[in-house]
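This structure is a prediction, so every number in the text was calculated from the model and none was measured. Numbered from 1 within each chain, the chains take letters A, B, ... in sequence-line order.
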Number of protein chains: 2
Amino acid sequence: MNTSSRFSTTIHILTLLAHMTPERVNSEFIAGSVNTNAVVIRRLLSLLRDAQVVSSRSGPGGGWQLDQKPASISLLDVFKLVEHHDLLPLPAQEPNPKCPVGQNIQAALEGHIQDAQSAFELSLSHVTIQDLLEDMDLPDL
Amino acid sequence: MNTSSRFSTTIHILTLLAHMTPERVNSEFIAGSVNTNAVVIRRLLSLLRDAQVVSSRSGPGGGWQLDQKPASISLLDVFKLVEHHDLLPLPAQEPNPKCPVGQNIQAALEGHIQDAQSAFELSLSHVTIQDLLEDMDLPDL
DNA sequence: TCAATTCGTAACAACAATAATTACAAATCC
DNA sequence: GGATTTGTAATTATTGTTGTTACGAATTGA
């Protein structure tokens, strides 16, 4: 399986940051909520920092904060930032070009795979971090 | 990455079988078109045989044939038979239940992930092996 | 009946990706 | 200056996929 849980983990982190705003939160604390290692958190968040979704600061009192409004961050934005593969990859080995089917199948299939991925992405684009926060009905800080 | 090319490979195989109908084709021949090992082909096709999409026969002149009409096999049927993972898995480690966000995030997220996967699957369901055959405009046997 | 062909499937190796972990330099704060 | 925290490289463990070898079972046809 092509199983990466980066997407779900990153959504968890961003929801937590949104909930904690305007507090700054360090990677150790986030790791405690996600149940993983702080380096895993820093690695994921560094991808989001490059896209100016979050920012970080070193030193005491340092940590991470959200730099965009929760309502302006969609699940699709996160998906594109942390998942680098196509949902349904073509085989690494090219088919045999001497076979009429092998020669044509990938071009015929590719468009349909792209359509399905677009439908998937469109669905993700309709949901934001703000929506998740509202769904969760969290207690105030 | 959750990268499996089983889907694309299986679509290739089924399109080839549809094109060759009513000939029976052995796994060595199919492997030549797909550019892989015959055992890989037999492994994939055994999944489809369990679902009565194809049938096989041992011995000389044996091999594989399609048991359903190309127009009745959708890309979604194949996806469900050969890909066993969710497109966006939740993390293997459960979040910390003592954190209000950790406790609630998975339930809040799961529905939206399911919606996206459903959109993906609906798109795949609209295309059949027959559609691919027609797209490819192959020469007669 | 026998030899050749083909499937069915287990076992193993090669490779790649993810995740967890350790380590330590750089930045920041007080 | 000491404590805290990030940034990131390196390493390991684990898992999944793919390719390969091997061999028994089924089938065909002479």
Between the side-chain atoms of [X] and the base atoms of [N], is any donor-acceptor pair under 3.5 Å?
X	N	answer
Arg43(A)	dA9(D)	no
Arg42(B)	dT9(C)	yes
Arg24(B)	dT27(D)	no

Atom pair distance, as rounded to whole Å: [atom1] in [X] and [atom2] in [N]:
X	N	atom1	atom2	answer
Leu44(B)	dT18(D)	CG	P	8 Å
Ile41(A)	dT5(D)	CD1	C1'	15 Å
Asn37(A)	dA13(D)	CG	P	16 Å
Ile30(A)	dG7(D)	CD1	P	11 Å
Leu47(A)	dG7(D)	CG	P	12 Å
Arg57(B)	dT27(D)	CZ	C1'	9 Å
Asp50(B)	dC7(C)	CG	P	16 Å
Trp64(A)	dA27(C)	CH2	P	15 Å

Students often get this wrong, so: under 4.0 angstrom with heavy atoms, is [X] touching a base, only sugar-phosphate, or nothing?
X	result
Asn26(A)	sugar-phosphate
Glu28(B)	nothing
Thr36(B)	sugar-phosphate

Is there a path of hydrophobic side-chain contacts, each under 4.5 Å between heavy atoms, that joins Val39(A) and Trp64(A)? no

Path from Leu16(B) to Leu90(A) over hydrophobic side-chain contacts below 4.5 Å: yes

OP1 or OP2 of [N] under 4.0 Å from side-chain N/O of [X]:
X	N	answer
Ser58(A)	dC29(C)	no
Ser5(B)	dT18(D)	yes
Ser56(B)	dG8(C)	yes
Ser27(A)	dT6(D)	yes

Asn26(A) (side chain) donor-acceptor with Phe29(A) (main chain) under 3.5 angstrom: yes

Looking only at atom types and distance, does a side-chain atom of Ser27(A) sit under 3.5 Å from a main-chain N or O of Gly63(A), one as donor and one as acceptor? no

Nearest nucleotide by nearest heavy atom, which residue falls closer to the 5' end of DNA chain C, Gly59(B) or Pro60(A)? Gly59(B)

Looking at every non-hydrogen atom in both residues, tell me the closest pair between His112(A) and Leu75(B) and how far apart they are. CB-CD1, 4.0 Å

